[in-house]
Structure formats: structure tokens, C-alpha cells
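This report concerns only the one structure given below.
In what follows, chains carry the letters A, B, and so on, assigned in the order in which the sequence lines appear, proteins first and then strands, with residues in each chain numbered from 1.
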Protein chains: 2
Amino acid sequence: MPAGDTPSKRSYHHGDLRAALLDAAIEVIGERGLHGLSLRECARRADVSHAAPYRHFADKNALLLAIARRGFERLAAAGVAAMDGVGDPRDRLDAYGVAYVRFAVDNPVLFRVMFTAELDAAEGVEAGHVVDKGGEEGDEAGAFELLVESAAALIDDGDDPREAALAAWSLPHGLAMLVLDGRIPPAEAATPAQVERLMRTIFAAWRGPLS
Amino acid sequence: MPAGDTPSKRSYHHGDLRAALLDAAIEVIGERGLHGLSLRECARRADVSHAAPYRHFADKNALLLAIARRGFERLAAAGVAAMDGVGDPRDRLDAYGVAYVRFAVDNPVLFRVMFTAELDAAEGVEAGHVVDKGGEEGDEAGAFELLVESAAALIDDGDDPREAALAAWSLPHGLAMLVLDGRIPPAEAATPAQVERLMRTIFAAWRGPLS
DNA sequence: GAAAAATGTTGACGGTGACAACATCCGCTG
DNA sequence: CAGCGGATGTTGTCACCGTCAACATTTTTC
């Protein structure tokens, strides 16, 4: 029973290892990339033995899934917040798109894990938002539903608003991916402000569709 | 010399191990996903010892990069072919987008490796096409240049055609990603024909921008 | 206060990427 | 045709990783 422990050390138990592991994982991915992530390294950074993570995550994949879940929650919140108070449906789609790309640029690791991991095929994530199977509330409607509603106001009756929403989703998603992959010349997307301007230009050019 | 060799065993040397490894790798990724790829498994499938791949690829990353290179070549070819003979600039953009998504759906492994791998940061790939440093011909202009040209004919003088081309690139790219990730409800994108119809609907809705 | 559940540790196993040293084969020069 | 050198494939090895089982410690519950 080690007595004189440093301010942080909680002797045997960690306190909130689960959260610490998630943070460590995000940090590691940011430094070494997704394939450079290892549970052991996360354990090391959390000052814990190499097998400790298995008390909180069944699997390496489970850890990534938890990260993705966190990301989807934040993305949905950002989308909802961006559309909040915006009345015109087209402006709502614009606002959503801008928030979407902004989120991706501000949280590259989360966004990558959300959409790059192969945990996709594995259940737990669906249609852009996390599925809470047997979850507590399940009140997370997903920002996609709001997209559909906004798109519905823009198209002819009889057309499928979900397809319009997909169009409204695909553009920011593609742009975000290209920016994150560095596929857009740095000259075009060096600073965040530049990215936002580019985004707005593109969305403006794209305005007028969906009808 | 070649001689009448039995279909398989070529005594000591393989014949064309490099290509065999690429094929094996694509196969493995298709079966087990990107993170399930291992050089040793590729070597096994090529009937070769576990270190043989290192005579052809400096690195696991080098293998992936070679796959990405192959993909970009084919994608560019498909894009060029799709636009060939199409006169109207807007129709050219449409044709490119359709070919783009079609390529992604038809070659999910290639597309994934092209845009998901972290080899992006490492040089060798740039702005959607492979950079042939000191390569032989380097005549690969990249389909992106054709996009820029087509977009240039659609926008006001003074606007940057590259930004318009980015808009024209982002939409199919995002759609392709979402389809590949299974993020689009299967009901919307179950069969290839369905995907193509969806694509055309989206592009039609999107028509009229860029001016 | 003891049993039970939760959490953390140690040790082990097979698989993997990467390298070094060695073996074999091919093509070329003389 | 001899043989030599480079290309290609092999064996052996090392550290690291994911995962599990067995064990230790702490907290919670009755």
C-alpha cells in the first residue's frame, strides 16, 4: 500500500480510466495516425498496465466506436446549433454545411474515426448518427432528420426529400474529406478563414438547386 | 527463360511477385478490411516467404501507395473516358461525377485505399492524382485539370475556376464516401442501378449552379 | 464484516512489421 | 562457356501488438 502517492495517483484505481483512455487515444491518433494507435500506448499514457483497457473496452474496435460515438454527438449538436434560429430552409442547409465542414476541420481526429474506421460495417453507427440500441433515452434524432425537413421545404411535392437531403449532405461531406486529406491545394485552404470563405463560395455556387 | 512452366511453381523466382502482391493485397483488404491487411498474408497468398515482399516494397505503406497509384490511374482514365465526346460543360461535369461515383462503387477497395490511407500525408499523392516524381513520362495531367477547364466555361469571368471545380469534385466525392461507408440507407442505394439513379437525381437537383 | 462485483496487474501466446545474414537464380561480360 | 554481380527469395530474429487467463486489490452490497 503505497502511501506517499503523487497528487494524481489514486493508488490502485485510476478514477476515470475510461475517459482517460479515450483522450489518450485521440491524442495518439493525432500524433501517429489511426494505424499508429495501440491500446498499449493508450494504457501507457494513462499510467496503467497494458491489459487494463480491457476492463473498459471489449476490443480495440470498441474504443474506436466510442470515439466515433462521441464525435457523432458533437457533430449533431454543432449542426443543430448552426441551424437554430435560421428560418429560411436554404439558409439552414447552408448553415449546416458550414458547421459540418468546420467541425471536420476543428476535429480532424474525431471526423476521421467517424468516417474512416471499419467499425462502420459493425453495428453501432448508422446513417450518420449513433444508434443507441436499448439506450436510455434515444432522443437523439440525428441532425440528418433536420436536414430532411429543411430539404423537404425546397423541393417539388412528390420528390423524395431524403434524396435532396443526401445531396445537401454529400457536398459538405466531400469537401470536408478532401480538406482533411490535404487534397485541396494548401493555397486554397491554408487557414481556417480561407476554408470558410471557400466553403461559402462553393455553397453559394451551389445555391439554387433542390427545386 | 519462361519455358513450359507449370501454371504455378516457378522453382525459386516467382515471375511477377510485385503484381501478385498487389492483387493479393487488394483481395485481403476486400475480405478483412484495410486494417486486416498484413504483408505476411499477402506473401502467403503469393506462395512466398514472409520477407519476400520487402524486395519489392520498402514498406507496408509503399504497398498501399502502389495500390493508390493504380487506383488514381484508373479513376483518371474513367473520368476522361466519361467526359470524352461530351460537349456541354455542364454535361461534362455531370458525366465526370457519375463516372466518379461509379468507379468508387465498382472498386471500393481501391477507392478506400486512395482516400482513407494515411499515406496521404506522405508524399507521392497530391490533389487527387499521383505525382510521378522523376517518372518516365508524367503526361498524366490528372482528371482534375479537365474538371477545372469544364468549370471555367460555366462561371463568371473573374471567379476562380478551381473553386468551381472543387465544388464539382466535392459532391461526387462525398456521395461516393457515404455510399461506401454504408451511410446511405440501403433502401436508397441497394443496387448499382439504384445508386446511379440516385446520383443522377442529385446531380440534376444540383444542376444550374456554378454561374 | 464478509461475499460479490468492479477494477487493475502479471504473464503468456500467436501474429505482425522490419531488418540482417544467407541462398539461389538470372543476365552479362570476358 | 566460365564466372561474376546484382536481383530476387529464404531463414532467423527482435520488438511490439491484441487478446486472453489467472491473480491481486479495491469498492460496493447485503
To the nearest angstrom, how far is [X] atom [atom1] from [N] atom [atom2]?
| X | N | atom1 | atom2 | result |
| --- | --- | --- | --- | --- |
| B/Arg32 | C/dT16 | CZ | C1' | 12 Å |
| A/Leu37 | D/dT19 | CG | P | 11 Å |
| B/Glu41 | C/dG17 | CD | C1' | 15 Å |
| B/Arg18 | D/dA7 | CZ | C1' | 15 Å |
| A/Asp47 | C/dT7 | CG | C1' | 16 Å |
| A/Asp16 | C/dA6 | CG | C1' | 14 Å |
| A/His35 | C/dA18 | NE2 | P | 9 Å |
| A/Asn61 | D/dC17 | CG | P | 18 Å |

Query raised in the report: Does A/Lys60 or B/Ala51 map to a spot on DNA chain D nearer the 5' end, using the closest nucleotide for each?
Result: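 Residue closer to the 5' terminus by nearest nucleotide: B/Ala51.
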
Report task. Identify, between A/Asp59 and B/His56, the residue whose nearest nucleotide on DNA chain D lies closer to the 5' end. Result -> B/His56

Query raised in the report: So what does B/Leu63 touch, heavy atoms closer than 4.0 Å: a base, only the sugar-phosphate, or nothing?
Result: nothing

Query raised in the report: So what does B/Arg44 hit on the nucleic acid, given a heavy-atom distance under 4.0 Å: a base, only sugar-phosphate, or nothing?
Result: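 The answer is sugar-phosphate, as B/Arg44 gets under 4.0 Å only of primed atoms, P, OP1 or OP2.
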
Query raised in the report: Is the closest basic N to carboxylate O distance between B/Asp23 and B/Arg70 below 4.0 Å?
Result: yes

**Report entry** Lys/Arg-Asp/Glu bridge criterion (N-O < 4.0 Å) met for B/Arg45, B/Glu31
**Finding:** yes

**Report entry** Side-chain H-bond candidate by donor/acceptor type, A/Tyr100 with A/Trp169, under 3.5 Å
**Finding:** yes

Where the side chain of [X] is concerned, which of [options] is the nearest nucleotide?
| X | options | result |
| --- | --- | --- |
| A/Ser38 | D/dA22, D/dC17, D/dT8 | D/dC17 |
| A/Arg55 | D/dA22, D/dG9, D/dC17 | D/dA22 |
| A/Leu17 | D/dT8, C/dG8, C/dA18 | C/dG8 |
| A/Ala52 | C/dG8, D/dT19, D/dT10 | C/dG8 |

Report summary line: Students should find that the end-to-end axis angle of the helix from C/dG1-D/dC30 to C/dG30-D/dC1, with five pairs defining each axis and rounding to 10 degrees, is 0°

Report task. State, with a plain yes or no, whether a side-chain heavy atom of A/Asp106 is found less than 4.5 Å away from one of A/Phe111. Result ->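 No, side chains not in contact.
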
Query raised in the report: Taking the side chain as C-beta and beyond, is there a heavy-atom pair between A/His50 and A/Leu39 under 4.5 Å?
Result: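 No. Closest side-chain heavy atoms not under 4.5 Å.
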
Query raised in the report: If every non-hydrogen atom of B/Arg18 is compared with every non-hydrogen atom of B/Ala66, which pair is closest and at what distance?
Result: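 So the two residues come closest at NH2-CB, 4.0 Å.
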
**Report entry** Any donor-acceptor N/O pair, B/Arg92 side chain to B/Val86 backbone, under 3.5 Å
**Finding:**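 Present.
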
Query raised in the report: Per the atom types in the model, does the base of C/dG15 pair as donor or acceptor with the side chain of B/Arg40 at under 3.5 Å?
Result: no

Query raised in the report: What about B/His50, does its side chain sit under 3.5 Å from the base of D/dG12 through a donor-acceptor pair?
Result: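 Such a pair exists between side chain and base.
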
